[in-house]
Amino acid sequence: MSQSKRTQSNELAQLIIAVVALIPYAKVASYGQVAKLAGLPKHARLVGRVLSQLDDNVNIPWHRVINSQGKISLSKLNEQGVNIQQLKLMQEGVVVLEGRVKLKTYAWQP
């Protein structure tokens with residue numbers, strides 16, 4: 001990858017991360033919503049890619065980003081076999097039933 005492409009890619013990732021950092025505790029946003037708020041409409045997959053490449057120890061609420069149907073898209077499990085994203089959301093008081101969050105209740109309205 002050329003230096004200019006890498007710089008542009010890093011800048012887009014920073015825009016996405018800045019929006020994700022704004023999602024309030026116990027609220028969720030869709031990948032598309034994050035993309036739109038970052039000024040990157042129609043780039044929901046890029047949001048997913050950026051979040052999937054974050055280091056495990058990063059202090060960004062990546063777990064608050066779900067798909068537009070309210071479903072958890074990530075399948076990362078902890079040592080006990082529990083979905084990490086679901087666990088983190090439930091620790092914030094977000095109800096997750098069968099891998100789905102009720103958007104009418106928990107959607108972030110910036």
Side-chain angles (χ1 to χ4, degrees):
M1 185 184 294
S2 71
Q3 183 62 39
S4 63
K5 280 225 186 264
R6 192 174 297 119
T7 300
Q8 181 183 14
S9 177
N10 194 29
E11 287 172 3
L12 296 179
Q14 292 303 317
L15 289 171
I16 290 166
I17 289 168
V19 171
V20 173
L22 295 174
I23 304 170
Y25 184 87
K27 293 292 181 183
V28 296
S30 71
Y31 292 98
Q33 180 183 5
V34 170
K36 188 175 179 182
L37 291 170
L40 304 164
K42 300 185 180 176
H43 285 81
R45 287 179 188 226
L46 177 60
V47 173
R49 193 170 331 123
V50 167
L51 295 181
S52 72
Q53 294 173 352
L54 289 175
D55 290 334
D56 287 341
N57 60 352
V58 73
N59 195 17
I60 299 292
W62 59 267
H63 60 282
R64 297 179 187 149
V65 183
I66 58 177
N67 77 20
S68 60
Q69 289 83 45
K71 292 181 184 174
I72 289 176
S73 299
L74 299 175
S75 56
K76 209 173 193 182
L77 306 178
N78 66 10
E79 301 81 36
Q80 291 78 36
V82 179
N83 183 293
I84 294 170
Q85 184 174 19
Q86 181 172 324
L87 190 63
K88 285 179 170 280
L89 286 170
M90 290 170 61
Q91 287 170 343
E92 292 186 6
V94 175
V95 176
V96 181
L97 295 173
E98 296 177 8
R100 187 182 288 248
V101 173
K102 200 176 211 178
L103 290 176
K104 284 186 177 172
T105 305
Y106 298 104
W108 175 39
Q109 303 296 330

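- Between V95 and V101, the closest side-chain pair of non-hydrogen atoms is not below 4.5 Å.
- Under the rule for a salt bridge (charged side-chain N to carboxylate O under 4.0 Å, His left out), K71 has no partner lying at least two apart in sequence or in another chain.
- Between V50 and V20, the closest side-chain pair of non-hydrogen atoms is not below 4.5 Å.
- At distances below 3.5 Å, at least one donor-acceptor pair connects side-chain atoms of N67 with backbone N or O atoms of Q69.
- In the hydrophobic cluster analysis, where Ile, Leu, Val, Met, Phe, Trp and Tyr join through side-chain heavy atoms closer than 4.5 angstrom, V65 is grouped together with I16.
- Hydrophobic cluster membership differs between W62 and I66, with clusters built from Ile, Leu, Val, Met, Phe, Trp and Tyr side chains linked at under 4.5 angstrom.
- We find the CG-CG distance between N78 and N83 to be 8.5 Å, quoted to the nearest 0.5 Å.
- In this structure, Y31 is not a member of the same hydrophobic cluster as I72, with clusters built from ILVMFWY side-chain heavy atoms closer than 4.5 Å.
- Partner of R64 under the side chain to side chain contact (heavy atoms under 4.5 Å, CB included) criterion, out of K88, Q85, K27, E92: E92 alone.
- By the 4.5 Å heavy-atom criterion applied to side chains, L40 and V47 are not counted as neighbours.
- In plain terms, the two heavy atoms of P61 and A21 that are nearest each other are CD-CA, 4.0 Å.
- Expressed to the nearest 0.5 Å, how far NE2 of H43 lies from CG of L12 amounts to 8.0 Å.
- Separation of atoms CG (N10) and CG (L15) is listed at 10.0 Å; rounding is to 0.5 Å.
- Taken to the nearest 0.5 Å, the CD1 atom of I60 stands 9.5 Å off from the CG atom of L22.
- Put simply, the side chain of Q33 gets close to the backbone of W108: a donor and an acceptor are under 3.5 Å apart.
- The nearest pair of heavy atoms linking P110 to L37 is CG-CD1, 3.7 Å.
- Within a 6.0 Å sphere centred on CG of N59, heavy atoms belonging to other residues, nucleotides or ligands number 12 at most.
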